[in-house]
Every structure is written in structure tokens, then in C-alpha cells.
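Throughout, protein chains are lettered first and strands after them, A, B, ... in sequence-line order, and every chain is numbered starting at 1.
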There are 2 protein chains.
Amino acid sequence: MNIGTAAARSGVPAKTIRYYESIGLIPRAARTGGNYRDYDDNDLQTLRFIQRARRLGFAVKDVSSLLALWHDRGRASGDVKRLANGHIEEIDRRMEELRTMRRTLVHLVERCHGDHRPDCPILEELAGEGGCHKEPH
Amino acid sequence: MNIGTAAARSGVPAKTIRYYESIGLIPRAARTGGNYRDYDDNDLQTLRFIQRARRLGFAVKDVSSLLALWHDRGRASGDVKRLANGHIEEIDRRMEELRTMRRTLVHLVERCHGDHRPDCPILEELAGEGGCHKEPH
DNA sequence: CTTGACCTTCCAGTCTCTGGAACCTCCATC
DNA sequence: GATGGAGGTTCCAGAGACTGGAAGGTCAAG
């Protein structure tokens, strides 16, 4: 099948498939007489694997490792688990950052009356003018 | 003061200050005889403002809007609040994405014994082999 | 034979910096 | 006055993960 069909069936856009090939995440595809890329069910499986891993937020580099482990019949499941656990920790770090930002923002938004008047605690806090929140504890 | 001092006092790295100037987030700095950038306390305040807004996760484009509002004495605080609320919503979207990923990952990791043996539910799920989770509900 | 959908390659842009190379300037010391 | 080193200057490239567009080739249907 050509790249468009592979894209439709895997959920990975054609442009992204070419990109994955260019960075070596997937091997160079077979070609037809007219120089069109030609994919089979095996390639499709790989694309779907990649798609699922990316949706779980794995970086492309990690997807590459996962693919290698997937193709290694003698792999240790511990290696996969370590990768996944590392990724969970990364997610936790990002969520904690977002939570901190959100807390501060919500606090500021609550104190801002948000009407036509110009005085605004949000800008004041960003400017560090008031000094009222420089030492919160 | 020169860029290094401004960087130290604002918390924005010198390279980043130059970058902000290059994209027009801050105006072109004054120059000394030797072509060094020269900053005053006003510039410093702006850099600190930017730094705080960035730490709250505002995109540079939004920081630009916030700066404009900050400098506009007749602004409506409602405009600032709208920006902040939009940003909170964006944070909520990202957190929800992360939560979803995390849920799936934790579930998979729990089912993977993670030892030297090669069978691994994480890879099976990514490959879509088992089919046991294709229709979760 | 023409049309239109699809494919090809390559270059540029997104976003927010960050590193490095090559060179210039300032200040202190000898 | 020479020298050394810590700053500064510019510009180019790379990160990550694509995405858009231009210019042109291929294929199947009408």
C-alpha cells in the first residue's frame, strides 16, 4: 500500500511517516516502480505501535528504545518497565509544575475584579510592585 | 549596567535577553561607546516581569500582551483576567492529558512483572496484539 | 489526452531557547 | 605599553516533533 493508505490505517500522518523515516525511527521503506513508498502489514503494525507509544507521551527517542525491545525476542520485561516508570516520573514532574502554576494563577485571578477598571493584582504581582507576596510563608 | 549584571539581577540569562530583543519582546537596548548593551532599573523591572510571567507558564506571545497591558495605564483589568483564565484552561487541558497517560501507564506497569523474562504486557498493549484493551468499556 | 488525486524531494517555519565560533572591549596588573 | 582574562558582540546551528508549501513526477479514470 502507498503512504496515504498506510497513514489512514495507522493514524500517523503521511508527512510524519516520512519524518520518522528521515530521522531513522523506521527503516527506509520499499519503493514501487514509480518511486512511491510501499508498505505492508508489518510496517503498519510498527506504525501503530509508534502511534500508541506517542499517545502515551513517550518521546521519540524512547519510542525508538521500545521498538528495539519489541523486536528483541530475548528482552527482559524489566527493561521495558524501567522505561515506563521513568516516563511516569517525568509525567509527575510536569504535573507538579502545572499544579504550582495553576495554584498561583487561580489565586491571582480570584483577587482581580476583572472589569473595565485598570487596577489589577495580576499585573501587580508580575511587576513585583506590591511586595505582598514576595515572602508567602 | 551591562547585560551580565542585568541577567544576574533579573534571573533571565544574558543569551535569553538578547533573544527576547531579537524577537521584539523587549525594545532594542541602549548601547555604550563600546557597543555594549546598557540597562537601567526600568529595563530590569521589565525583565523581572517577563521572568515571573514565564515561570507561570505564559507563552512569550502572551507575555507580550501582558507587557502591553502593563504599560497601558488605561487598560481594563478584565483583559488581563481573560488572558489568565485562558491560560488556566490551557493548563487544565494539559493536566488532563497527562492524567490520562499516567492512568494507562500505571495500569500497564502494574501488570508487567518487570524481571528478566521477555513477556511484557506493556509491549503487547503497544503492539495491539492481545486485543484485551481495545474496547475497555 | 487531460484532469485530478496522489506521490516525490527539499526548504522553511513553529517555539523557546542554548551552545559554540570568531571576534571586540574593558579593566587590572606587570 | 603590553598582556591576560572576563566580560561583551554577532551569527549560525541544533534541540523536539512535526507541519506547511512549492515544484514537479505518477497513476487511474473518463
- Min side-chain heavy-atom separation B:Val80-B:Trp70 under 4.5 Å: no
- Sidechain N-carboxylate O distance under 4.0 Å for A:Arg99, A:Glu96: yes
- Message: Just the rounded figure in Å: distance from P of D:dG16 to CD1 of A:Ile50.
- Response: 17 Å
I'd like a table of atom pairs between the protein and nucleotides 10-13 of chain D - only N or O on both sides, under 3.5 Å - with the distance next to each one.
from   : atom 1 : to      : atom 2 : distance (Å)
D:dT10 : OP1    : B:Arg31 : NH2    : 3.2
D:dT10 : OP2    : B:Arg37 : NH1    : 3.1
D:dT10 : OP2    : B:Arg37 : NH2    : 2.9

- Task: Rounded to the nearest angstrom, tell me the gap between atom CD in A:Glu90 and atom P in D:dG16.
- Result: 13 Å
- Item | Euclidean distance, B:Leu69 CG relative to B:Lys81 NZ, rounded to 0.5 Å | 14.5 Å
- When A:Arg28, A:Arg37, A:Lys15 are each screened for salt bridge (Lys or Arg N to Asp or Glu O under 4.0 Å) with A:Glu21, the one that passes is A:Arg37
- Distance (rounded to the nearest 0.5 Å) between B:Leu126 CG and A:Thr46 OG1: 12.0 Å
- Rounded to the nearest Å, what distance is computed from the CD1 atom of residue A:Ile17 to the C1' atom of nucleotide D:dA17? 15 Å
- Message: With a 4.0 Å cutoff (strictly under), does any side-chain N or O of A:Thr16 reach OP1 or OP2 of D:dT19?
- Response: yes
- A:Arg102 side chain vs B:Asp92 backbone, donor-acceptor pair below 3.5 Å: no
- Query: To the nearest angstrom, how far is A:Arg28 atom CZ from C:dT9 atom P?
  - Reply: 11 Å
- Task: Please confirm whether the backbone N or O of B:Asp41 pairs with a side-chain atom of B:Arg9, one donor and one acceptor, at under 3.5 Å?
- Result: no
- Query: NA contact type, A:Ala59, heavy-atom cut-off 4.0 Å: base, sugar-phosphate, or nothing?
  - Reply: sugar-phosphate
- Please state how far atom OH in B:Tyr39 lies from atom P in D:dG7, giving the value in whole angstrom units. 16 Å
- Return the value, rounded to whole Å, for the distance between atom CG of B:Leu25 and atom P of C:dC15. 13 Å
- Query: In terms of the nearest nucleotide of DNA chain C, which residue is placed more toward the 5' end: B:Arg54 or B:Gly34?
  - Reply: B:Arg54
- What string of B, S and - do you get for nucleotides 1-6 of chain C, 5' to 3', if B is base contact, S is sugar-phosphate-only contact and - is no contact with any protein heavy atom under 4.0 Å? -----B
- A:Ile23 atom CD1 is separated from D:dA17 atom C1', nearest whole Å, by 8 Å
- Message: Taking 4.0 Å as the cut-off, does a side-chain nitrogen or oxygen of B:Tyr19 come that near to OP1 or OP2 on C:dC15?
- Response: no
- Query: Would you say the side-chain atoms of A:Thr5 and A:Asn2 include a donor-acceptor pair closer than 3.5 Å?
  - Reply: yes
- State whether B:Glu90 and B:Arg94 are salt-bridged, where the test is any N-O pair (Lys NZ or Arg NE/NH1/NH2 against Asp/Glu carboxylate O) under 4.0 Å. yes
- Between A:Thr32 and A:Pro13, whichever has its closest DNA chain D nucleotide further toward 5' is A:Pro13
- Length of the CG-P vector between B:Asp62 and C:dC15, whole Å: 11 Å
